[in-house]
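To start, the structure itself, in structure tokens.
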Amino acid sequence: MSVLVYIESKNNKPKKNSAEVISYGKELANKLSCELTVLTINIDESTELNKYGPDKILKISDNSLNIFDAKKFADIIFQAANKFSISHVILNGGVDSKYLAPMLAVKFQAGYVSNVIDLPSKLEPFTVRRTSFSNKSFCDASIVSDKKIISISNNSFGSLENPSTPEIIDFKPNVIESGLKQESLDSAKDQITIADADVVVSAGRGLKGPENWGIIEELADTLGAATACSKPVSDLGWRPHSEHVGQTGKPVSTNLYIAIGISGAIQHLAGVSSSKVKVVINTDPEAPFFKAADYGIVGDAFEVVPKLNEKLKAFKAENN
Amino acid sequence: MKILVCISCVPDTTSKINFTNNDTEFDTNGVQFVINPNDEFGLTRAMWFKEKDGAAVDVINVGEQTNDSVLRKSLAIGADKALRINSKATDSFQVASYIANYAKENSYDLIIAGRESIDYNGSMVPGMISEMLDISFVTNCVGLEIENGTATAEREIEGGKETLKCKLPLIIGGQKGLVEESDLKIPNMRGIMQARQKPLTVIEPSEIKIKTTTNKFYRPEEKKEITMINSDDLDRLIDLLHNEAKVI
Ligand SMILES: Cc1cc2nc3c(=O)[nH]c(=O)nc-3n(C[C@H](O)[C@H](O)[C@H](O)COP(=O)(O)OP(=O)(O)OC[C@H]3O[C@@H](n4cnc5c(N)ncnc54)[C@H](O)[C@@H]3O)c2cc1C
């Protein structure tokens, strides 16, 4: 029995959520009294991962893997799992990991549970809690197959320091062919993504039009936040679809979610409710979002947001 | 071109989420079931292939008889044929196996599923089918064009988009962007009449073992009372976010 954690990388560095999945993997390995192995692909420097307690780090360096390909990556994780007698594979909740996970499940003939938020409450049968109905509820799911795969919902478990001195192993997998060829990649290099951000500033139809998003972007800038929007805002073309959050858009589980001019419809709340702290700014004291938030301001976004931004700037200047 | 659209039947997004049977089952009482929104974008995209190149479009669902009305709606929107694999869908591996087995026997050029269902949010079925059939897979798919047996698909990634090319067959996990909200096809009277004559075939599967079970549901904890802050007192908000919530 052994636990394998696969971490994603960006610009040859571990992604931020690596700390959380490795911490989870370590706690699980302790529960199972087995080793924790971390698999990295094209990560130059892995020492920072030692903080979270891996026993082994499998390092793959291969230029043909610089472009993510779910089929190739799933096969590599499968090879690593076979070679190191892995019983449990842990993935993060990022889009790439969730892309490859179901393929890996079939190769590995493993039961797979996604959106897991906690350690197993039972090992026989292996039972974990996950979110369901777009965060409107949770459920306990059991994996009844021998091999098990889970992906952890971002920001649900946190990170735990548990330093170790892992054995570093160079791993040279056989890279399979994939039928998919990347034609182009269009990605903002320095932009903070909704998945990665600690703070998300989100705005709705209350902003009246795309020309008014300046105050939202400035506030996001001050807070080092990603910007998001409600569904009608993206349907109207005021903001790109990639910013649409909610039940039918992206899920948000960040530390601080600021909702400006968003009424708080059930489908919107479903997607953002797992964020830890929610602040609402709305002119209508009856807006349903006030029932689901931690802090609320009844006020006009066009007055409150610029003022708040100025004050936050001063606060940041003082506290950094 | 032969297209198979996978349809998941999910509670309408405004449904109250309640559970019965000691919180082991979703309470369907008074709940209206609809086509999973992510699948609905895919179904409309399939209709465009049909209008343009005369593609044949089948829809498939793994579920019980109560799902037939949703399949009829898919037929009314314009699908040619509906298939229901008669099994309570509880485990993604089993659902994917049933669909993959059917697809294998009926060789489709394109299979369209949704990125995730909005009830269980697994993001599992299309990826599993791709591996079972050993065909290309693009998830979070926000654009798809097909020319002479070659597909160009756009995938949404964190902070951007990538464009991928592959030969058919292909399976996608679709979402909004594949078509726009305003493009969604709504059944008209003629479609509804025609749907009554179209075949809805029920298939009894040979049982495949499940790998996961769902045991018990829980409701989220009650939210603590909101703290209201006067719009003239924004310093207080900053103070609370810093000292109480510790998020800035
Ligand atoms: C199947 C389905 C799926 C859906 N999925 C999603 C989803 O994933 N995500 C999503 O967001 N929605 C979703 N919706 C839509 C949802 O039902 C709401 O229509 C939507 O969230 C409302 O967006 P809004 O809050 O921006 O707009 P509105 O509801 O129009 O609210 C605007 C708010 O702004 C406030 N306001 C106005 N002026 C100001 C001002 N000057 N300053 C401050 N506040 C102001 C108003 O008081 C109001 O509360 C879905 C709907 C359906 C049917």
Side-chain angles (χ1 to χ4, degrees), chain A residues 70 94-95 98-99 102-103 105-107 111-115 127 132-134 136-145 179-188 191 193 195-196 223 235 241-242 247-248 255-256 266-267 276-277 290 292-299 304 307-308 311-312 315, chain B residues 13-14 17 37-38 92-93 118-124 127-128 130-132 136-140 142 152 156-167 176-177 180-182 210-220 223-224 226-229 231 234-235 237-238 240-241 245 247-248:
Chain A
V95 291
K98 285 179 95 170
Y99 186 1
M103 299 165 136
V106 173
K107 284 179 191 287
Y112 163 45
V113 177
S114 56
N115 303 327
T127 305
S132 61
F133 292 96
S134 306
K136 288 175 204 163
S137 75
F138 301 96
C139 65
D140 282 345
S142 297
I143 304 181
V144 295
S145 55
L180 285 174
K181 196 167 159 297
Q182 191 187 61
E183 290 279 299
S184 61
L185 178 71
D186 166 12
S187 104
Q191 196 196 336
T193 62
D196 261 350
L223 288 164
D235 285 340
H241 284 319
S242 55
Q247 189 166 11
T248 54
N255 284 333
L256 174 59
I266 184 165
Q267 301 95 348
K276 297 220 165 67
V277 176
F290 285 114
D294 301 279
Y295 303 104
I297 294 176
V298 177
V304 175
K307 265 205 290 183
L308 180 62
K311 286 188 184 286
L312 276 166
F315 168 83
Chain B
T13 55
T14 55
I17 306 298
N38 289 317
S92 301
F93 210 106
I118 60 158
D119 51 358
Y120 197 64
N121 319 107
S123 312
M124 297 182 186
M128 287 177 174
S130 81
E131 190 61 36
M132 290 166 181
S136 296
F137 171 46
V138 176
T139 195
N140 293 15
V142 292
T152 307
E156 192 179 86
I157 56 174
E158 278 162 21
K161 237 187 230 177
E162 72 173 339
T163 307
L164 299 159
K165 257 196 163 52
C166 72
K167 288 247 172 292
K176 187 170 82 172
E180 295 303 319
E181 184 86 21
S182 52
I210 54 165
K211 295 196 187 298
T212 59
T213 60
T214 299
N215 317 327
K216 198 170 169 84
F217 291 91
Y218 302 86
R219 333 208 85 260
K223 194 79 206 145
K224 73 170 176 38
I226 186 169
T227 307
M228 294 304 292
I229 292 145
S231 62
L234 296 174
D235 289 321
L237 176 66
I238 293 173
L240 288 168
L241 290 176
V247 288
I248 59 167

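Naming: A, B, ... by sequence-line order, numbering from 1 per chain. Please read all numbers here as calculations on a predicted model, not as lab measurements.
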When heavy-atom pairs shorter than 4.5 Å are enumerated against chain A, which of [options] gives the highest number?
options                                    : result
Ile210(B), Thr152(B), Ile157(B), Val138(B) : Val138(B)
Phe217(B), Tyr120(B), Tyr218(B)            : Tyr218(B)
Leu240(B), Ile226(B), Val247(B)            : Ile226(B)
Glu181(B), Lys165(B), Lys161(B)            : Lys165(B)
Lys167(B), Lys211(B), Lys216(B), Met124(B) : Lys211(B)
Ser136(B), Pro220(B), Gly160(B)            : Pro220(B)

Below 4.5 Å from any heavy atom of chain A, which atoms of [X] appear? Answer side chain, backbone, both or neither.
X         : result
Thr139(B) : both
Phe93(B)  : side chain
Val142(B) : neither
Pro37(B)  : side chain
Asn140(B) : side chain
Ile238(B) : side chain
Ile118(B) : both

So which part of [X] gets closer than 4.5 Å to some heavy atom of chain B, the side chain, the backbone, both or neither?
X         : answer
Asn115(A) : side chain
Ser114(A) : both
Ala195(A) : side chain
Phe290(A) : both
Ile266(A) : side chain
Val113(A) : both

Over all atoms of both residues, closest heavy-atom pair of [X] and [Y]:
X         : Y         : answer
Gly177(B) : Glu180(B) : CA-OE2, 4.1 Å
Ile297(A) : Met228(B) : N-CE, 4.3 Å
Ala105(A) : Met128(B) : CB-CE, 3.9 Å
Ser242(A) : Glu156(B) : CA-OE2, 3.6 Å
Lys176(B) : Asp235(A) : NZ-OD1, 2.8 Å

> Does Lys107(A) have any salt bridge (charged side-chain N to carboxylate O under 4.0 Å, His left out) partners at least two apart in sequence or in another chain, and if so, which?
Replying inline: Asp75(A), Glu131(B)

Any donor-acceptor pair under 3.5 Å from [X] side chain to [Y] backbone:
X         : Y         : answer
Tyr112(A) : Met103(A) : no
Glu158(B) : Val95(A)  : yes
Asn121(B) : Ser134(A) : yes
Ser145(A) : Gly111(A) : yes

>> Using 0.5 Å steps for rounding, measure from the CG atom of Asp119(B) to the OG1 atom of Thr13(B).
In response: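 Answer rounded to 0.5 Å: 12.0 Å.
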
